[in-house]
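Just below is one structure, and these are the notes that go with it.
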There are 2 protein chains.
Amino acid sequence: MMKIGELSKVTGCSVQTIRHYEKEQLIASAERSEGNFRLYDEAAVEQLLFIKHCRSLDLSLPEIRQLLALNRSPGAQCDDVNRMMDRHIEQVEARIQELTRLNEQLRMLRRSCSNRRTVEQCGILRNLSATPVSSG
Amino acid sequence: MMKIGELSKVTGCSVQTIRHYEKEQLIASAERSEGNFRLYDEAAVEQLLFIKHCRSLDLSLPEIRQLLALNRSPGAQCDDVNRMMDRHIEQVEARIQELTRLNEQLRMLRRSCSNRRTVEQCGILRNLSATPVSSG
DNA sequence: ATAAACTCTATAACAACTATAGAGTCAATC
DNA sequence: GATTGACTCTATAGTTGTTATAGAGTTTAT
């Protein structure tokens, strides 16, 4: 059994984050030592790594909670898992498109000003004052 | 002179957002009517549209505050504006790359499970339990 | 006994809003 | 002139996923 500091080192999650996950019911409340310190076993390491992996894929804490619940009821159909992943992939792709458009606008704006002019002549500020970017 | 509700309609910013911008010093404190209602003129519309335009480009409120300050000192060199835009463009591009990698991993994961299996057999959950995605 | 390193809980901060409560203002209607 | 409804005011809490802090208690080593 290890204390929270060691769990933190092993998993790469900060101590506060682990306590936060407990409060948010992503991991079960840990056993406590006599002195009220949290105690963890290998299963806790596994579960925390699962969560960390999900977070690296930008899954939200509620989404992860749902996955963990499904994981605990092995007889359930996994259509729900698939639906969640599909929705998540859609969101990520929408965000990529959005940022790509944004990037084009920013680069266009950036080309409108070369250095060493005064702000008065700055194409960037002038274009930002005009309402639609595309018309500037 | 218009009240905050009309300014909100004209600019498409919510009433709370306008008050928030005032508190954050992005717009000057508005004049007040006898009954203590905020009163705005056309200049306020312009400035709010400028801010909205910057926000649509994902510029942060501190960045916008800086742009507005530069805008008010027309003699200044606009190198600062350029530097900010370059940094911002870099950030957006980094985020796009990150999300693109993420998307590949999500799609790979999604392919590992077809519908109508039980959770026990679900490739997605199995792969999430394995630590590195790339090896799954 | 004491110091260092660790842990505990509770609370605030971050960003950029959004939502709410409870009170005040204003114009129009009865 | 009282009341209704639409609007506005301030102050405060909630959102998301942490991170940071304060103040106290525990454990380990010296």
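Sequence lines set the chain letters: A, B, ... in the order given, protein chains first and strands last, and positions in each chain run from 1.
Nearest heavy-atom pair, A:R65 versus A:Q25, reported as atom, atom and distance to 0.1 Å: CG-O, 4.1 Å. Closest approach of B:I27 to B:I18, counting heavy atoms only: CD1-O, 3.8 Å. The two atoms that bring A:N127 and B:H53 nearest to each other are O-CE1, 3.6 Å, heavy atoms only. Scanning both residues, A:L57 and A:H88, for their nearest heavy atoms gives O-NE2, 2.9 Å. Closest non-hydrogen pair, A:V15 versus A:G5, comes out as CG2-CA, 4.2 Å.
Remark: C1' of D:dC7 and CE of B:M2 are 16 Å apart, rounded to the nearest angstrom. Distance NZ (A:K23) to C1' (C:dA12): 11 Å, rounded to an integer number of Å. One can place CD1 of A:I4 at 9 Å from P of C:dT9, the figure rounded to the nearest angstrom. In this structure, B:L7 places its CG atom 15 Å from P of D:dC7, rounding to the nearest Å. Rounded to whole Å, atom P of C:dT18 lies 11 Å from atom CD1 of B:I18. At whole-Å resolution of the value, CD in B:E24 and P in C:dT18 are 14 Å apart. Taking atom CE of residue A:M1 and atom P of nucleotide D:dT27, one finds them 15 Å apart after rounding to whole Å. In this structure, the CD1 atom of B:I64 is 13 Å from the C1' atom of C:dC17, given to the nearest Å.
In this structure, the side chain of A:T11 engages the main chain of A:L7 through a donor-acceptor pair within 3.5 Å.
Residues from residues 86-98 of chain B lying near DNA chain C, meaning a heavy-atom separation below 4.0 Å, are absent.
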Derivation of the side-chain contact (heavy atoms from CB on, under 4.5 Å) call for A:L39 and A:M2 | CA-CA 5 Å; A:L39 295 177; A:M2 62 185 94; over 6 Å; no
Where do A:R38 and A:R32 land on the side-chain contact (heavy atoms from CB on, under 4.5 Å) test, with the steps shown first?
-> CA-CA 5 Å; A:R38 289 174 179 82; A:R32 298 298 178 108; 3.3 Å; yes
How far apart are the C-alpha atoms of B:I51 and B:Y21, what are their side-chain angles, what is the distance that settles it, and do they pass the side-chain contact (heavy atoms from CB on, under 4.5 Å) test?
-> CA-CA 9 Å; B:I51 294 171; B:Y21 287 166; 3.6 Å; yes
Should A:Y40 and A:V45 be marked as a side-chain contact (heavy atoms from CB on, under 4.5 Å) after you check the CA-CA gap, both sets of side-chain angles, and the distance that decides it?
-> CA-CA 8 Å; A:Y40 298 97; A:V45 176; over 6 Å; no
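Overall, the helix from C:dA1-D:dT30 to C:dC30-D:dG1 carries an axis bend of 40° between its ends, with five pairs at each end and the value rounded to 10°.
Judged as a salt bridge (charged side-chain N to carboxylate O under 4.0 Å, His left out), the pairs with a partner in residues 85-103 of chain B (not counting sequence neighbours) are, in order, A:D58-B:R95, A:R107-B:E93, A:R110-B:D86, B:R95-B:E98.
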Identify each atom pair where a protein N or O and an N or O of nucleotides 14-18 of chain D are less than 3.5 Å apart, giving names and distance.
| from | atom 1 | to | atom 2 | distance (Å) |
| --- | --- | --- | --- | --- |
| D:dG17 | OP1 | A:L61 | N | 3.2 |
| D:dG17 | O3' | A:R55 | NH2 | 3.3 |
| D:dT18 | OP2 | A:Y21 | OH | 2.8 |
| D:dT18 | OP2 | A:R55 | NE | 2.8 |

I'd like a list of close polar pairs between nucleotides 19-27 of chain C and the protein, N/O only, cut-off under 3.5 Å.
| from | atom 1 | to | atom 2 | distance (Å) |
| --- | --- | --- | --- | --- |
| C:dC26 | OP1 | B:G35 | N | 3.2 |

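At most 12 non-hydrogen atoms from other residues, nucleotides or ligands lie less than 6.0 angstrom from CD of A:E31.
Taking the side-chain hydrogen bond (donor to acceptor under 3.5 Å, both in side chains) definition, one finds that A:S60 meets it with A:E63, sequence neighbours left out.
Residue A:R38 places none of its side-chain N or O atoms closer than 4.0 Å to OP1 or OP2 of C:dT7.
Taking OG from A:S8 and CD from A:Q16, the interatomic distance works out to 8.0 Å, rounded to the nearest 0.5 Å.
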